Q: 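Just dropping this structure here.
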2 protein chains.
Amino acid sequence: MTNPLQALWPCCAGEESGTAELFSALADPTRLILLWRLLQAQGELSVSELSDCCGIHLSGVSRHLAQLRQAQIIDARKEGRTVFYRLRAEPLASTLTALAEAVSSQAQPSEATTET
Amino acid sequence: MTNPLQALWPCCAGEESGTAELFSALADPTRLILLWRLLQAQGELSVSELSDCCGIHLSGVSRHLAQLRQAQIIDARKEGRTVFYRLRAEPLASTLTALAEAVSSQAQPSEATTET
DNA sequence: AGCAAATTTGCGCATACATGCAAATAAAGT
DNA sequence: ACTTTATTTGCATGTATGCGCAAATTTGCT
């Protein structure tokens with residue numbers, strides 16, 4: 001692998017580019033709302049609770065959560081007939097940080113970047 | 001806007017969720033390769049140069065670059081008949097960092113997470 | 001067993017996206 | 001003017017994605 005960006009995200013089975021999978025999971029307004037809700041909650045929320053905040057059918061919410069879960073961004077815990085989801089900080093935070101550092105290490109034109 | 005996650009990414013015209021647009025731009029293996037190439041280059045690269053590293057047609061590369069450009073992740077500069085692209089560090093790096101902090105502030109149950 | 005609640009899954013549909021190819025621009029060079 | 005080079009854009013196509021609705025599944029209650 002000549003491309004560390006591709007490998008930044010260690011999750012996602014045997015995919016070609018795990019990082020792309022991570023960003024795909026984050027690339028939807030509804031999923032961002034769900035993540036934000038989980039962030040606010042500072043803990044677990046059920047599918048029903050989560051579905052209150054986004055204007056789509058509950059089945060859709062369930063699918064979105066499954067997607068986030070598969071991307072290892074959130075965790076699920078089943079208690080009785082309800083399923084509780086919670087945000088999983090790592091390795092999300094570390095990956096984003098690493099990415100930020102990689103980006104800023106470059107185009108940060110300390111000098112010598114004579115543009116137009 | 002009750003959702004800071006949606007507003008984290010200030011670019012992208014009048015879109016509903018700029019952050020989702022940002023991640024959409026990053027959610028493709030080819031585009032990640034291009035970004036990595038620009039990172040390595042530590043400067044500008046032309047479309048032709050960029051297209052060497054990813055296995056798709058040059059026209060596709062051009063489209064991907066346009067997408068990254070519209071997402072304000074890269075900048076373009078035209079010199080003669082060639083167009084040079086370069087990575088734009090900000091606000092990408094800041095946004096990723098902010099996101100990482102938001103995420104780690106929560107599920108990191110180390111201590112001090114005394115919520116509101 | 002029978003019923004109700006919480007969640008997931010199958011299906012169909014509409015829309016978005018990535019891609020290659022060929023044509024269109026744009027800018028030089030002859 | 002004609003030709004060559006660099007890049008973009010139109011078009012067609014196959015594939016992925018988000019959605020609602022209804023049915024299936026799982027679990028708890030009586």
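Lettering follows sequence order; numbering is per chain, from 1. These numbers come from the heavy atoms of this one structure, side chains and all, not from hydrogens, waters or symmetry mates. Because the structure is a prediction, the values reported are computed rather than measured.
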Q: Check every strand shown and say whether B/T30 touches a base, only sugar-phosphate, or nothing at a heavy-atom separation below 4.0 Å.
A: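 Here B/T30 touches the backbone only, sparing every base.
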
Q: Want to settle it: does A/R81 or A/H57 sit nearer the 5' end of DNA chain D, counting the closest nucleotide to each?
A: A/H57

Q: What is the nucleic acid contact for B/F84, judged by heavy atoms within less than 4.0 Å: base, sugar-phosphate only, or nothing?
A: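 The residue B/F84 makes no contact with any strand.
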
Q: Scan B/R86, B/R88, B/R69 and name whichever one has a side-chain hydrogen bond (donor to acceptor under 3.5 Å, both in side chains) with B/D75.
A: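 Single side-chain hydrogen bond (donor to acceptor under 3.5 Å, both in side chains) partner of B/D75 among B/R86, B/R88, B/R69: B/R88.
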
Q: What is the distance, to the nearest angstrom, from the CD atom on B/Q70 to the P atom on D/dT9?
A: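 Going from CD in B/Q70 over to P in D/dT9 covers 12 Å.
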
Q: Is B/Y85 close to B/V61 at the side-chain level, that is, under 4.5 Å between some pair of heavy atoms?
A: no

Q: Separation of A/L68 atom CG from D/dT17 atom P, in whole Å?
A: 13 Å

Q: On DNA chain D, check which nucleotide each of A/R63 and B/R63 is closest to and give me the residue with the more 5' one.
A: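 This one resolves to B/R63.
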
Q: Considering the options A/L34, A/L50, A/L35, which one meets the side chain to side chain contact (heavy atoms under 4.5 Å, CB included) requirement together with A/I74?
A: A/L35

Q: Taking only N and O in the side chain of A/T82, is any of them less than 4.0 Å away from OP1 or OP2 of C/dA6?
A: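 No, A/T82 has no side-chain N/O under 4.0 Å of OP1/OP2 on C/dA6.
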
Q: Between C/dA6 atom P and A/L58 atom CG, what is the distance in whole Å?
A: 10 Å

Q: Mind checking if A/G80 touches a base, just sugar-phosphate, or nothing, with heavy atoms under 4.0 Å?
A: sugar-phosphate

Q: B/Q67 near the nucleic acid: base, sugar-phosphate alone, or nothing, with a heavy-atom cut-off under 4.0 Å?
A: sugar-phosphate

Q: Provide, to the nearest angstrom, the distance between the OH atom belonging to B/Y85 and the C1' atom belonging to D/dT7.
A: 8 Å

Q: Do A/L22 and A/I73 make a side-chain contact, defined as non-hydrogen atoms from C-beta onward lying under 4.5 Å apart?
A: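 They are in contact (side-chain heavy atoms under 4.5 Å apart), so the answer is yes.
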
Q: Without swapping roles, check the side chain of A/R31 against the backbone of A/A25 for a donor-acceptor pair under 3.5 Å.
A: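 Yes; at least one donor-acceptor contact below 3.5 Å.
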
Q: A/L45 has an atom CG; how far is it from atom C1' of C/dT7, in whole Å?
A: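 Roughly 15 Å, once rounded to whole Å.
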
Q: NE2 of B/H64 versus P of D/dT8: gap in Å, rounded?
A: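 Atom NE2 in B/H64 sits about 13 Å away from atom P in D/dT8.
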
Q: So B/S59, base contact, sugar-phosphate only, or nothing? Heavy-atom distance under 4.0 Å.
A: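 Contact class for B/S59: base.
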
Q: Send over the distance from A/D28 CG to D/dG18 P, rounded to a whole Å.
A: 5 Å

Q: Figure out the CG/P separation between A/L50 and C/dA6, and round it to whole Å.
A: 14 Å

